[in-house]
Amino acid sequence: MKYWLFKTEPDVFSIHDLAKSPAKTACWEGVRNYQARNMLRDETKVGDRVLIYHSGGTSPCIAGVASIAKAGYPDSHSWDRKSKYYDSASSPENPRWYMVDVRLDQIFPCPLTLAGLREVKGLAEMGLLRKGNRLSIQPVTKGEFAIIVKLAVK
DNA sequence: GCCAACGTTGGC
DNA sequence: GCCAACGTTGGC
């Protein structure tokens with residue numbers, strides 16, 4: 001099993017939107033970065049755990065945990081002309097972009113702020129905390145995941 | 001709103 | 001293949 005961190009802008013799609021989705025499950029569409037695409041397409045498996053990160057705003061934070069409900073599959077928004085994620089280079093026959101389905105497991109009672117996470121020993125190497133890392137899909141180590149869940153549930 | 005960091009594009 | 005220009009991300 002792998003562990004991930006997915007970034008989202010809560011104004012666009014928050015963990016609360018995920019909670020309101022049918023069966024608390026939604027597709028994670030619109031990833032338009034090749035490195036992130038490759039991970040979604042090649043490395044995700046059903047059951048993988050996903051930290052949901054809210055970027056932007058006054059207090060960016062890890063808001064909760066979800067699981068992969070459907071592993072990487074072509075992002076149909078990429079050939080939907082009406083979608084803001086439309087890409088003329090992508091087609092059903094030759095999809096350029098991929099997405100996954102995620103199902104909410106838990107909203108953290110107290111979201112873990114970025115500032116707070118920087119204080120935590122054992123997370124110093126975490127991708128999220130490294131300068132200049134803009135990837136919206138990031139692998140997380142088993143140890144980092146365990147530390148974060150323990151902090152949030154305490 | 002600023003700006004650092006990084007990705008993408010396109011001319012050559 | 002190099003690299004300048006430009007666009008995007010995202011914390012602050």
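Basis for what follows: all heavy atoms, side chains included, without hydrogens, waters or symmetry-related copies. Within every chain, numbering begins at 1; the chains are lettered A, B, ... in the order of the sequence lines, protein sequences first and strands thereafter.
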Engineer: With A:Asp80, which residues qualify under salt bridge (charged side-chain N to carboxylate O under 4.0 Å, His left out), at least two apart?
Structural biologist: none
Engineer: Test of understanding: with ring pair (Phe, Tyr, Trp, His ring centres under 6.0 Å), list the residues that count as partners of A:Phe145, not counting sequence neighbours.
Structural biologist: A:Tyr3
Engineer: Determine whether A:Lys2 and A:Asp48 satisfy the following criterion, salt bridge (charged side-chain N to carboxylate O under 4.0 Å, His left out), listing intermediate values before the conclusion.
Structural biologist: CA-CA 5 Å; A:Lys2 286 201 168 82; A:Asp48 285 356; over 6 Å; no
Engineer: Which residues pass the salt bridge (charged side-chain N to carboxylate O under 4.0 Å, His left out) test with A:Arg49, sequence neighbours left out?
Structural biologist: A:Asp105
Engineer: If you take any heavy atom closer than 4.0 Å to DNA chain C, which residues from residues 85-101 of chain A end up in contact?
Structural biologist: none
Engineer: Could you pull out all residues at least two apart from A:Arg118 that satisfy salt bridge (charged side-chain N to carboxylate O under 4.0 Å, His left out)?
Structural biologist: none
Engineer: Tell me, which pairs form a salt bridge (charged side-chain N to carboxylate O under 4.0 Å, His left out) where one or both residues lie in residues 8-20 of chain A, sequence neighbours left out?
Structural biologist: A:Asp17-A:Lys20
Engineer: Filter on salt bridge (charged side-chain N to carboxylate O under 4.0 Å, His left out), then keep only pairs touching residues 121-146 of chain A, sequence neighbours left out; what's left?
Structural biologist: none
Engineer: What residues form a ring pair (Phe, Tyr, Trp, His ring centres under 6.0 Å) with A:Tyr34, not counting sequence neighbours?
Structural biologist: A:Trp97
Engineer: Under 4.0 angstrom, heavy atoms only, what part of the nucleic acid is A:Arg118 near: base, sugar-phosphate, or nothing?
Structural biologist: sugar-phosphate
Engineer: Considering residues at least two apart in sequence or located in another chain, which fulfil the side chain to side chain donor-acceptor pair (under 3.5 Å) criterion with A:Ser78?
Structural biologist: A:Ser90
Engineer: At a heavy-atom distance below 4.0 Å, which nucleotide of DNA chain C is the first touched by chain A, and which is the last?
Structural biologist: C:dG7 to C:dC12
Engineer: Counting the atoms with a prime plus P, OP1 and OP2 as sugar-phosphate, which does A:Gln35 contact under 4.0 Å by heavy atoms, base, sugar-phosphate, or nothing?
Structural biologist: sugar-phosphate
Engineer: Can you pull the salt bridge (charged side-chain N to carboxylate O under 4.0 Å, His left out) pairs that have at least one residue in residues 61-74 of chain A, sequence neighbours excluded?
Structural biologist: none
Engineer: Please work out which residues in residues 121-136 of chain A have a non-hydrogen atom less than 4.0 Å from an atom of DNA chain C and list them by number.
Structural biologist: A:Arg134
